[in-house]
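Beneath this line is the structure, given in structure tokens, with notes to follow.
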Amino acid sequence: MAIEYEQPIFVISVAAELADMHPQTLRQYDRLGIVSPSRAPGKSRRYSQRDISMLREVQRLSQEGVSLEGIKRILQLENQVAALQRRIAELSEELDRRPRTLESRIFAAGAAGDVVSLARGKRPRARSQAVVVWRPRNGD
């Protein structure tokens with residue numbers, strides 16, 4: 001039986017041993033928001049295999065001289081990149097499911113950076129919007 005990567009099953013003493021750290025270090029990381037485990041009904045911490053991997057990464061970065069604030073920011077950015085990559089994959093799948101019957105698409109871009117698709121023959125609502133015509137190339 002395999003352990004699920006995200007399943008919070010390890011108590012703090014086991015997690016500390018698996019990460020080769022002292023339990024007090026794990027408590028400090030939790031207080032600082034660096035690695036925040038799940039909580040069991042009795043408020044005790046429960047760590048997943050993902051948390052253990054993150055603790056090992058924190059330890060590696062710390063040994064390389066990165067401050068705890070720096071480590072926290074690195075982990076935040078890595079999480080943001082992973083979320084954006086998941087979103088790109090979702091949007092790519094959605095795009096692949098759409099029929100490619102249109103020869104061109106027309107978009108208007110507003111001053112705030114918003115993008116809206118325009119129906120053929122329609123004009124943008126505001127003069128501040130720029131119109132872009134997209135014509136698919138081979139494979140687009």
- Message: Between Asn79 and Leu75 (side chain of the first, backbone of the second, donor and acceptor by atom type, cut-off under 3.5 Å), is there such a pair?
- Response: yes

- Message: The test is side chain to side chain contact (heavy atoms under 4.5 Å, CB included); show your working for Ser44 and Val11 and say whether it passes.
- Response: CA-CA 8 Å; Ser44 63; Val11 295; 5.8 Å; no

- Message: Rounded at 0.5 Å granularity, tell me how far CG in Leu68 sits from CG in Leu32.
- Response: 6.0 Å

- Is the count of non-hydrogen atoms from other residues, nucleotides or ligands lying under 6.0 Å from Glu17 atom CD greater than 12? no

- To the nearest 0.5 Å, what is the distance between CD (Gln7) and OG (Ser38)? 8.5 Å

- Item | Interatomic distance, Asp96 atom CG to Leu91 atom CG [nearest 0.5 angstrom] | 11.0 Å

- Task: For the residue pair Tyr47 and Leu55, establish whether any side-chain heavy-atom pair is separated by less than 4.5 Å.
- Result: yes

- Heavy atoms of Met54 and Val35 approach each other most closely as CB-CG2, 4.1 Å

- Gln59 side chain to Asp20 main-chain N or O, any donor-acceptor pair under 3.5 Å? yes

- Item | Over 12 non-hydrogen atoms of neighbours within 6.0 angstrom of CD in Gln24 | yes

- Does Glu64 pair with Arg60 as a salt bridge, N-O distance under 4.0 Å? yes

- Item | Side chains of Tyr5 and Ser53 in contact at under 4.5 Å (non-hydrogen atoms) | yes

- Query: Going only through I, L, V, M, F, W and Y residues with side-chain contacts under 4.5 Å, is there a path from Met21 to Ile9?
  - Reply: yes

- For residues Ala15 and Leu26, report the shortest heavy-atom separation together with the two atoms involved. CB-CD2, 3.8 Å

- Specify the closest pair of heavy atoms between Pro23 and Ala16, including all atoms of both residues, with the distance to one decimal. N-CB, 3.7 Å

- Pair Arg87 + Glu90, salt bridge at N-O below 4.0 Å: yes

- Between the main-chain N or O of Ser48 and the side-chain N or O of Asp51, is there a donor-acceptor pair closer than 3.5 Å? yes

- Is Arg97 salt-bridged to Glu94, going by a charged N under 4.0 Å from an acidic O? no

- Can you see which heavy atom on Ile34 is nearest to which on Lys72, and at what distance? CG1-CB, 4.0 Å

- At what distance, to the nearest 0.5 angstrom, does CZ of Arg46 lie from CZ of Arg39? 10.5 Å

- Message: Return the CG to CZ distance between Asp30 and Arg27, rounded to the nearest 0.5 Å.
- Response: 10.0 Å

